[in-house]
There are 2 protein chains.
Amino acid sequence: MQMTSSTIYDVAKAAGVATSTVSRAFSNPDRVGAVTREHVLEVARRLGYQPNPHARALVSRRTRTVAMVVSDITNPHFFELIRGAEMRAKASGYTLVLVNAEESPRIELEQVHRLTRSVDGFLLAASRQPADDLLQLAANHRVVVVNRRVPGLASVVLEHAEGCRQMVAHLASLGHESVVYLAGPRSSWMAASRWAAIRGAAAELGLRAQRMGPFAPTVASGGAAADAALTTGATAAIAHNDLLAIGVMRRLADRGVQVPADVSVVGFDDIFAADLCTPTLTTLGGAHADVGRAAVEILLNSMEQPRDLAPELVVPSELILRRSTGVPGRPAGR
Amino acid sequence: MQMTSSTIYDVAKAAGVATSTVSRAFSNPDRVGAVTREHVLEVARRLGYQPNPHARALVSRRTRTVAMVVSDITNPHFFELIRGAEMRAKASGYTLVLVNAEESPRIELEQVHRLTRSVDGFLLAASRQPADDLLQLAANHRVVVVNRRVPGLASVVLEHAEGCRQMVAHLASLGHESVVYLAGPRSSWMAASRWAAIRGAAAELGLRAQRMGPFAPTVASGGAAADAALTTGATAAIAHNDLLAIGVMRRLADRGVQVPADVSVVGFDDIFAADLCTPTLTTLGGAHADVGRAAVEILLNSMEQPRDLAPELVVPSELILRRSTGVPGRPAGR
DNA sequence: ATGAAAGCGCTAACAA
DNA sequence: TTGTTAGCGCTTTCAT
């Protein structure tokens, strides 16, 4: 193992070829005679040569790095997303840079600017940016938005319109007549989109639907959300995500309200904890890792491809029925 | 907003100065006259100039990027660690690259090699590498190991020896006379270290201690772990982490074994779910985010500093008593 | 198929 | 304080 790393020059000299040949052997193997190539690679191995990615990026303008910007790294839901993205990136020899936007559109923008020259593209997960800003951003950067749809931009979302419909239908079939949506952050596209779907489904099925909030998508804000929900008289609460739903259930328990006998509670994401809390949480889940994977894939493709197609991928979701939903007014079965 | 980004040359020309002056204005501001500096920066802003990090890294040999390699990104415990590290890095204008080693020492090593030239240093979290390999690695790379101690290497660990002692003492005070440690992966330093501490404390306090395993630190392997624990006749099981503990409790419930009346269960990490499962889990927690933060800080310091000090930081832990531990043979109180 | 040579955008001596 | 200039390690024409 060398102290100081060798360069293309060292390899070229040791192999008795030109530097360009060494370069080709690594980045354009079929432009080099088979024997020369093997020889060069062998020498390179012996010398412990590793291409310098910065030198490479400087001239080729490709960094083999992608950045994933998440709205809030604190939310366990992003875990799977990040995991899927990391694995897919690694599989193609790409590196994943992780950025936490801390729920701030400003930080989000700042970081994108900061990283512009260092990465080949961006995955913007649950971006809090206005659509126009995103479009402008995408004019200068390679971008895939995740869990958000912006016409004209490549995107991957976990299906949720149909999911919301099923959710409401599930509640309706249990006998609920009034539901309340405990909304997520004002700037969350998901929150708006879900509310539209819930309201639509409720109208169709003859339920009353109200919206309260916005609430931060955290356990802590579940207290306020629960109290708000109770004032509406609704027998079912659909929380913006599982964290909020768990917080709501906590507060309801504290206030002596039974779930699901008095109030049914539903969440989104199917985080790990959804299957552990008491009662276990009915929620809209799906393969979040696939979302991350697909997003990276689209980004990588967009770098090779003709360009300018903006695929909008929808990964299927599934409504997972657990113990937090039930017939209103009836104590939980068994 | 320019289509193509401007360089130091554009700025230099537009500002009527030499390129080196522009360079200094950005990377060494106090080596430039105040008025020139302001002028240059103003022009740069107008031109939308952004320093190219690769060009910069190529000559300066600093990338302002650090990599965090985690043994298994699937484990929610790493979440906090990653979060702390990301925030600390960002605060210093550094970028955090995330790498999942998938529990494989080989992948761990491969990735470190792959990233050598792209990052200024590595955070190796719960490394599965043998100590010798780590030392060798550290000879050629700037490394901080996290949640592992290797003499001679900078490290940050969440305190757990004293934590294990308190854990055993807690169990002893409840009347337990025999405990079993459900060990984590064979290559986990933590697993070895915890067993040593548990065994020591048990001996001191006159308890019988056994070890079973190794088990993968996942919910899924909790089944086998629970069955193994039952064969020992111990009244208390200390699982390698919360995931395993939760899996154990599930299996015990399935087998009709009461927790904590029949068997007490303890975990490590205090993941979010530990406070949600039934019964809630007694566990050794602590500020994992601080661990991540500190690790980055040590890494960054080691880049400026005289060098060759290898601080070993210990972040305090706390034993969090919940409902999964109790007096053996007695149904849970209230 | 291979080599020579010109940069990519920046920093860091060294001069002035 | 500022300018000149030689690279950093690599890719990529353009020749051969």
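Each chain gets a letter, A, B and so on, in the order the sequences are listed, and its residues count up from 1.
At a threshold of 4.0 Å, the pair B:Arg128-B:Glu108 does not count as salt-bridged, since none of the basic side-chain nitrogens sits closer than that to a carboxylate oxygen.
Two residues, A:Thr19 and A:Val32, neighbour DNA chain C, and the one matched to the more 5' nucleotide by heavy-atom proximity is A:Val32. Residue whose closest nucleotide on DNA chain D sits further toward the 5' end, between B:Leu58 and B:Arg37: B:Arg37.
Put simply, CZ on A:Arg61 is 17 Å from P on D:dC10, counting in whole angstrom units. Rounding to whole angstrom units, CG of residue B:Asn28 and P of C:dA13 are separated by 11 Å. Rounded to whole angstrom, the span from the CD atom of B:Gln50 across to the P atom of C:dC8 amounts to 19 Å. For the pair A:Tyr9 OH and C:dA5 C1', the computed distance is 9 Å after rounding to whole Å. Rounded to whole Å, atom C1' of C:dA13 lies 10 Å from atom CZ of B:Arg24. What separates NE2 of A:His54 from C1' of C:dT11 is a distance of 15 Å, to the nearest Å. In this structure, A:Lys13 atom NZ and C:dT2 atom P are separated by 21 Å, rounded to whole Å. Atom-to-atom, CZ of A:Arg62 to P of D:dT12 comes out at 10 Å; the value is rounded to the nearest Å.
At the heavy-atom level, A:Val22 lies nowhere under 4.0 Å from the strands shown.
Within the 4.0 Å cut-off from OP1 or OP2 of C:dT2, not a single side-chain nitrogen or oxygen of A:Thr21 is found.
At a cut-off of 3.5 angstrom, counting only N and O atoms as typed in the model, there is a donor on one side and an acceptor on the other between the side-chain of B:Ser20 and the base of D:dT4.
The main-chain N or O of A:Ala57 is never found under 3.5 Å from a side-chain atom of A:Thr63 such that the two would form a donor-acceptor pair.
In this model, no donor atom of one side chain and acceptor atom of the other lie less than 3.5 Å apart for B:Arg148 and B:Ser155.
Interatomic distance, A:Asn147 CG to A:His77 NE2, rounded to the nearest 0.5 Å: 5.0 Å. In this structure, CZ on A:Arg293 lies 7.0 Å from CE on A:Met87, to the nearest 0.5 angstrom.
Candidate nucleotides C:dT2, C:dT11, D:dT12 were compared by shortest atom distance to the side chain of A:Ser60, and D:dT12 ranks first. Distance from the side chain of B:Val59 is smallest to C:dG9 among D:dC10, C:dG9, C:dA4. Comparing C:dG9, D:dT11, D:dC10 by their closest approach to the side chain of B:Thr7 singles out C:dG9.
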